[in-house]
Participant: 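Take this structure, written in structure tokens, and hold onto it; I'll ask about it next.
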Amino acid sequence: MFADFALISVLLVIAHLLRSRLRLLQNLLIPAPILAGFLGLIGGPQLLGWLPFSLTGEGKIAMERYPYELIAILFATLFLGHQPHRPTLRTMLRDVGDTWFYNFAAYIGQFGVALLFGLYILPLMFPDLNPGFALMMPAGFAGGHGTAAAVSESLQAGGFNDAQSLGFTFATIGLLIGIFGGLTLINIATRRGWTHLVSSAQELPESTRSGFLTPEEQTSMGTSTVSAMSLDPLTWHFAIVMTAFGGAHGIDYLFRHVLESKIILPLFAVALLVSAVLQLVLELCHIGKYVDRQVMARIGSSVSDYLIAFAVASIKISVVVEYMAPLIVMSLLGFLYAIGMLWFLGRHLFHNFWFERSIFAYGWMTGVVGIGVLLLRIVDPQLKSKTLQDYGLAFVGISPLEILLIVVVPPLVARQIILAPAIVIVVIAVACFALSAYLVGWYRTPPGELRPGEQEIIDELKSP
């Protein structure tokens, strides 16, 4: 395992250096973990065989298992860290109601649409397809590689052995669609006057392209909350994460092997619950304030990079070839869904800077939040639209519901209970859009016209 992590670390370093030096890679905006994963896939045992990734006793590539474990570590970081000022639901609805409703409904709606499409349309084209196939598209697109690993766990338990490779493939396709499709949409928007903070698709800062920050742009990764004379602050935080991860494995072992329970929660969900309980215990013991939320976020982000690299490197090429046609069909559905959300709902539901907010949502609907931030920075270089701030506030209320969806729906699909959850999801999504229109507003102004609050920010940018 350590040798495999060393190999993928070397590939991450190489990928980052290639991105910093090659203009082509900078123009394509390919994230380093994706590039590292492709290097691992090409150099690994499936193709060239140059990279000695370890094999299991059954002859399988050992790193196929790593994303399953890494997603549990990633989820263990989500509830860890002291957060003294958690916003209330009333505050979120009052200040960022349109952002909350739109982002939550767009996320779950992609799952609902995919399930219905997989239930009624996909079988007409591909009769022998596993019913869980359609679920892997939103798991990879809206969810990303981590969610794909989590969802595939339930489907594989139900006998769909190709679910993980398909989920990772969808997630990789989604990232590429997010980047290239997003840049195309931005060029269209700037030409038609839909953007008000920039008049053209400006060049990204050199640091964004190269991946290396200038001294002026560099910031602290977190706060040292314990004395290094006793324990290094990073060790303290990482040890807490691994305590939650180890506790999750202990509970999983208890249910599977001691109690022999037939109801088993996914490991990532158990890790999330253990981490929430652990943080509560630390708060009750007045130690919670020594767990820095920013450090935990950095640990989670680092784990995510390794997860993506391993996920891409472990994609089974034979599976991709076998499912090529339905992969294309479902990927096209995901792309059209994201564009539909942007044009038919985003421009009517957001109270201001509709395109800036919608292109950010498009980025995470097809890839990850990082892609959304990348696209947002092109049309809002100084982040004056408050898109990120509003999303950060709304996400506090969205994330538990997203996790609930990932925990509940995949086991039902694995048992071929599809129609009921699909209908429930779609009804909730439609209800959220309707509530947003009722509580916040449904804007009929032309896409290029200014909305309330925009002129003041534009004047502020123009003032010396």
Participant: Taking 4.0 angstrom as the limit, do D390 and R357 come out as a salt bridge?
Facilitator: yes
Participant: Which distance, rounded to the nearest 0.5 Å, do you find between the CG of L405 and the CD1 of I425?
Facilitator: 5.0 Å
Participant: G222 and S220: which non-hydrogen atoms are nearest, and at how many Å?
Facilitator: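 Heavy atoms only, the tightest pair is O-OG, 2.8 Å.
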Participant: Donor-acceptor pair, N103 side chain versus T99 backbone, under 3.5 Å?
Facilitator: yes
Participant: So how far is it from I240 CD1 to L282 CG, rounded to the nearest 0.5 Å?
Facilitator: 5.5 Å
Participant: Does the pair F344 and F433 meet the rule for a ring-ring contact (aromatic ring centres under 6.0 Å, His included), with working shown?
Facilitator: CA-CA 11 Å; F344 294 106; F433 289 131; over 10 Å; no
Participant: Yes or no on side chain to side chain contact (heavy atoms under 4.5 Å, CB included) for H249 and Y253, after CA distance, side-chain angles and deciding distance?
Facilitator: CA-CA 6 Å; H249 261 289; Y253 181 86; over 6 Å; no
Participant: As an exercise, state the distance from CG of L135 to CD1 of I406, rounded to the nearest 0.5 Å.
Facilitator: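 CD1 of I406 is found 10.0 Å from CG of L135.
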Participant: Using a cut-off of 6.0 Å, state whether more than 12 heavy atoms not belonging to F180 lie near its atom CZ.
Facilitator: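 More than 12 within 6.0 Å, yes.
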Participant: Considering only heavy atoms from C-beta outward, does the side chain of I34 approach that of H145 to under 4.5 Å?
Facilitator: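 A side-chain contact exists here, since the closest heavy-atom pair is under 4.5 Å.
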Participant: With side chains defined as the heavy atoms from C-beta onward, is the minimum distance between Y102 and M341 less than 4.5 Å?
Facilitator: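 Y102 vs M341: side chains touch.
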Participant: Side-chain donor-acceptor pairs under 3.5 Å in residues 309-327, sequence neighbours left out?
Facilitator:
| unit_1 | atom_1 | unit_2 | atom_2 | d |
| --- | --- | --- | --- | --- |
| S314 | OG | F310 | O | 2.8 |
| S314 | OG | A311 | O | 3.2 |
| Y323 | OH | D162 | OD2 | 3.1 |

Participant: Keeping the roles fixed (side chain from H348, backbone from R444), state whether a donor-acceptor pair exists under 3.5 Å.
Facilitator: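 Answer holds: no.
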Participant: For residues Y362 and A338, report the shortest heavy-atom separation together with the two atoms involved.
Facilitator: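 That would be CD1-CB, 3.5 Å.
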Participant: Is a donor on one side and an acceptor on the other found under 3.5 Å between the side chain of E402 and the backbone of F104?
Facilitator: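 Such a contact is absent between E402 side chain and F104 backbone.
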Participant: Looking at every non-hydrogen atom in both residues, tell me the closest pair between I359 and G182 and how far apart they are.
Facilitator: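 Shortest heavy-atom contact: CD1-O, 4.1 Å.
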Participant: Should the ring pair W354 and W343 be called parallel, tilted or perpendicular, given that the plane angle runs from 0 to 90° and is split at 30 and 60?
Facilitator: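 Answer is perpendicular, since the angle exceeds 60°.
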Participant: Just wondering, more than 12 heavy atoms not from F238 lying within 6.0 Å of its CZ?
Facilitator: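 No, CZ of F238 has 12 or fewer neighbouring heavy atoms, counting only those of other groups under 6.0 Å.
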Participant: For R298, does its backbone N or O pair with a side-chain atom of S302 as donor and acceptor, under 3.5 Å?
Facilitator: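 Yes; judged by distance alone, with no hydrogens or angles, the pair exists.
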Participant: Report yes if the side chains of I8 and Y66 come closer than 4.5 Å at any heavy-atom pair, otherwise no.
Facilitator: no
Participant: Over all heavy atoms of both residues, which pair between F160 and G132 is shortest? Give the atoms and the distance, please.
Facilitator: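 Looking at all heavy atoms of both residues, the shortest contact is CE2-C, 3.8 Å.
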Participant: Tell me the side-chain hydrogen bond (donor to acceptor under 3.5 Å, both in side chains) pairs involving residues 105-129, sequence neighbours left out?
Facilitator: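 Not a single pair qualifies under side-chain hydrogen bond (donor to acceptor under 3.5 Å, both in side chains).
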Participant: So, for M365 and A106, which heavy atoms are closest and what is the spacing to 0.1 Å?
Facilitator: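 Smallest heavy-atom distance, with atoms named: SD-CB, 3.8 Å.
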Participant: Does the pair D380/K384 count as a salt bridge with the N-to-O cut at 4.0 Å?
Facilitator: no
Participant: Among R293, E283, K289, find the one that has a side-chain hydrogen bond (donor to acceptor under 3.5 Å, both in side chains) with H82.
Facilitator: E283
Participant: Please round to the nearest 0.5 Å and tell me the distance separating atom OG of S358 and atom CZ of F353.
Facilitator: 13.0 Å
Participant: Taking the side chain as every heavy atom from C-beta outward, state whether R347 and F355 have any pair of such atoms under 4.5 Å apart.
Facilitator: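 SC-SC contact between R347 and F355 ruled out.
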Participant: Are any non-hydrogen side-chain atoms of Q164 and E64 less than 4.5 angstrom apart?
Facilitator: yes
Participant: Decide yes or no on side chain to side chain contact (heavy atoms under 4.5 Å, CB included) for F268 and L74, but give the supporting numbers first.
Facilitator: CA-CA 8 Å; F268 78 90; L74 173 59; over 6 Å; no
Participant: Between S275 (side chain) and A271 (backbone), is there a donor-acceptor pair under 3.5 Å?
Facilitator: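 The answer is yes, because a donor-acceptor pair under 3.5 Å joins these two groups.
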Participant: Where is the tightest heavy-atom contact between A429 and G109, given as atom of each residue plus distance?
Facilitator: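 Reported closest heavy-atom pair: CB-CA, 4.0 Å.
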Participant: Less than 4.5 Å apart, any side-chain heavy atom of L197 and any of V379?
Facilitator: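 When only atoms from C-beta onward are counted, V379 and L197 do not touch, as no gap falls below 4.5 Å.
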Participant: Return yes when atom CE of M242 has more than 12 non-hydrogen atoms of other residues, nucleotides or ligands closer than 6.0 Å, and no otherwise.
Facilitator: yes
Participant: For the pair T169 (side chain) and S165 (backbone), establish whether a donor and an acceptor sit closer than 3.5 Å, ignoring hydrogens and angles.
Facilitator: yes
Participant: For a 4.5 angstrom cut-off between non-hydrogen side-chain atoms, does F38 reach T172?
Facilitator: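 Yes; the side chains approach each other to less than 4.5 Å.
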Participant: Are the side chain of N352 and the backbone of R451 linked by a donor-acceptor contact shorter than 3.5 Å?
Facilitator: no
Participant: For the pair H196 and Q455, evaluate side chain to side chain donor-acceptor pair (under 3.5 Å) and give the outcome as yes or no after the intermediate values.
Facilitator: CA-CA 9 Å; H196 300 305; Q455 187 63 59; over 6 Å; no
Participant: Could you walk me through whether W364 and Y391 pass the side chain to side chain contact (heavy atoms under 4.5 Å, CB included) check?
Facilitator: CA-CA 11 Å; W364 67 251; Y391 178 78; 4.0 Å; yes
Participant: Quick check: do L115 and L119 have side-chain heavy atoms less than 4.5 Å from each other?
Facilitator: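 Of all side-chain heavy-atom pairs linking L119 with L115, none is under 4.5 Å.
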Participant: Evaluate side chain to side chain contact (heavy atoms under 4.5 Å, CB included) for L28 paired with I179, printing each intermediate quantity in order.
Facilitator: CA-CA 8 Å; L28 293 176; I179 294 170; over 6 Å; no
Participant: Which of these, T243, V295, V241, sits in a side-chain contact (heavy atoms from CB on, under 4.5 Å) with L80?
Facilitator: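 Testing each of T243, V295, V241 against L80, the sole residue satisfying side-chain contact (heavy atoms from CB on, under 4.5 Å) is V241.
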Participant: Got a second to check how far I398's CD1 is from I403's CD1, nearest 0.5 Å?
Facilitator: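 Here the rounded value is 12.0 Å.
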Participant: Check for a donor-acceptor pair, side chain of T147 on one end and backbone N or O of G144 on the other, with a separation under 3.5 Å.
Facilitator: no
Participant: Starting at CG of L39, measure out to CG of L35 and round the result to the nearest 0.5 Å.
Facilitator: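 Spacing of CG (L39) from CG (L35) equals 4.5 Å.
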